[in-house]
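Have a look at the structure below, then the notes.
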Amino acid sequence: MSVDVIRKAYQATEEGFLSLVTKQWPMKPQIAAVGSCCLVGVICGGTLYVANLGDSRAVLGRAVKATGEVLAIQLSAEHNVCIESVRQELQSLHPDDPQIVVLKHNVWRVKGLIQVSRSIGDVYLKKAEFNREPLYAKFRLREPFKKPILSADPSISSHPLQPHDQFVIFASDGLWEHLSNQEAVDIVQNHSRSGSARRLIKTALQEAAKKREMRYSDLKKIDRGVRRHFHDDITVIVVFLDSNLVSRASSVKGPNLSVRGGGLNLPPNTLAPCSTPTEAGGT
């Protein structure tokens with residue numbers, strides 16, 4: 001496991017989806033406008049690797065021995081043009097395009113269309129041959145482009161795990177629109193482990209309802225398609241860390257691995273053995 005391995009996995013995923021779009025373009029051209037953020041966490045050899053495309057976020061809960069409190073530490077970098085540095089990055093990559101980032105309805109968007117600057121898919125903004133009819137006019141750019149507008153290159157960082165690291169929250173931007181990093185960590189820390197992700201989602205939905213001056217129970221009754229006008233989609237996974245297991249894993253080379261959770265059950269030896277990482281640096 002290394003930063004390079006994760007980067008190649010992202011590249012292979014992007015190429016696989018591009019291949020799918022190319023094959024289905026004659027029958028389902030709108031697939032060219034389909035894309036996704038992608039947040040990955042890998043623990044290997046006592047190191048946590050976090051890779052991100054788009055505006056999902058990974059947040060670590062780390063205990064402070066002296067005080068007993070658990071601090072929130074953001075592990076991922078986000079690619080949303082509401083962040084000034086992300087806008088500047090795009091503008092530097094496209095110096096000849098003054099409309100590369102546009103303020104539309106008080107929200108910054110790439111070409112007035114999309115908020116994220118990096119993603120899997122969204123090939124209509126990466127390959128000019130897919131930015132044409134029969135793609136819906138609302139997605140098509142008036143002027144042709146010569147180089148990709150969006151990128152599929154993830155931001156990757158590595159973090160040597162410490163005994164006081166308690167858990168990591170992986171969540172889409174729908175959660176972080178309503179909860180701060182510390183608020184989310186406090187909710188996980190102050191309740192039982194069971195149902196942590198569901199509890200975070202419920203709290204975010206309660207905040208979304210409060211902002212619209214409505215009851216949570218009424219928000220839940222709204223059809224999913226219409227609900228998008230009230231809050232973004234929310235996906236949450238909470239991974240609890242066992243410092244004893246992490247330290248043992250970092251000292252043993254090539255253990256058998258099994259994965260269980262979320263309906264997934266892989267027997268031992270299905271996955272490649274994990275060895276101590278040779279590359280600890282990140283980008």
Side-chain angles (χ1 to χ4, degrees), residues 1-10 37-78 154-172 175-176 179-197 199-200 235-262 264 266 268-283:
M1 181 52 59
S2 68
V3 169
D4 189 49
V5 165
I6 296 173
R7 196 176 301 282
K8 286 178 179 176
Y10 269 81
C37 298
C38 184
L39 177 63
V40 172
V42 180
I43 297 175
C44 184
T47 297
L48 168 62
Y49 296 88
V50 174
N52 187 48
L53 278 182
D55 53 7
S56 295
R57 185 185 303 172
V59 174
L60 173 71
R62 174 174 289 172
V64 180
K65 195 173 182 179
T67 62
E69 61 182 331
V70 177
L71 293 181
I73 301 171
Q74 186 168 324
L75 302 179
S76 56
E78 292 164 37
S155 294
I156 308 176
S157 57
S158 59
H159 309 271
L161 289 172
Q162 301 177 16
H164 302 306
D165 294 339
Q166 304 291 300
F167 52 83
V168 185
I169 303 169
F170 296 88
S172 63
L175 182 79
W176 307 114
L179 295 179
S180 69
N181 293 352
Q182 192 61 53
E183 285 171 338
V185 164
D186 289 345
I187 289 167
V188 174
Q189 176 63 18
N190 295 330
H191 296 83
S192 64
R193 289 188 174 190
S194 178
S196 292
R199 192 174 294 111
L200 286 170
T235 301
V236 180
I237 297 172
V238 182
V239 177
F240 290 92
L241 304 170
D242 186 319
S243 59
N244 293 322
L245 288 177
V246 169
S247 60
R248 275 165 48 198
S250 63
S251 61
V252 179
K253 291 188 176 182
N256 290 334
L257 300 180
S258 63
V259 177
R260 177 174 293 170
L264 180 69
L266 300 179
N269 299 321
T270 302
L271 303 177
C274 172
S275 59
T276 303
T278 57
E279 181 180 356
T283 54

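The first residue in the sequence is number 1, and the count goes up from there.
Phe170 pairs in a side chain to side chain contact (heavy atoms under 4.5 Å, CB included) with only one of the listed residues (Val236, Val238, Val239), which is Val239.
Interatomic distance, CG of Leu200 versus CH2 of Trp176, reported as 7.5 Å (0.5 Å rounding). Distance check, rounded to the nearest 0.5 Å: NE2 of His159 to CG of Leu60 gives 8.0 Å.
Considering only residues two or more places apart in sequence or on other chains, Tyr10 meets the ring pair (Phe, Tyr, Trp, His ring centres under 6.0 Å) condition with none of them. For Arg62, the side chain to side chain donor-acceptor pair (under 3.5 Å) partners at least two apart in sequence or on another chain are Asp165. Scored by the side chain to side chain donor-acceptor pair (under 3.5 Å) test, Asn181 finds Arg57, Gln74 as partners (sequence neighbours excluded). Judged as a side chain to side chain donor-acceptor pair (under 3.5 Å), and not counting sequence neighbours, Thr235 has no contacts. Checked against side chain to side chain donor-acceptor pair (under 3.5 Å), Asn52 has no partners two or more places apart in sequence or in another chain.
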If you look only at distance, which donor and acceptor atoms sit under 3.5 Å apart when one is on a side chain in residues 184-195 and the other is two or more places apart or in another chain?
| residue | atom | partner | partner atom | Å |
| --- | --- | --- | --- | --- |
| Asp186 | OD1 | Gln182 | NE2 | 2.9 |
| Asn190 | ND2 | Asp186 | O | 3.0 |
| His191 | ND1 | Ile187 | O | 2.8 |

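You'll find the side chain of Ile6 reaches within 4.5 Å of the side chain of Met1, heavy atoms only.
Here the closest non-hydrogen pair linking Ala51 and Ile156 is CB-CG1, 3.8 Å. Nearest heavy atom pair, residue Phe240 against residue Ser196, reads CZ-OG, 3.5 Å. Across every non-hydrogen atom of Leu39 and Ala171, the tightest pair is CD2-N, 4.0 Å. Residue Pro154 comes nearest to Arg7 through the heavy atom pair O-NH1, 3.3 Å, listed as atom of the first residue, atom of the second, then distance.
For Ile237, the CD1 atom sits in a loose shell: 12 or fewer heavy atoms of surrounding residues, nucleotides or ligands are nearer than 6.0 Å.
Judged by distance alone, the side chain of Ser155 and the main-chain N or O of Ser76 form no donor-acceptor pair under 3.5 Å.
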Take Ile43 and Leu241, measure what side-chain contact (heavy atoms from CB on, under 4.5 Å) needs, and give me the verdict at the end. CA-CA 10 Å; Ile43 297 175; Leu241 304 170; 3.6 Å; yes
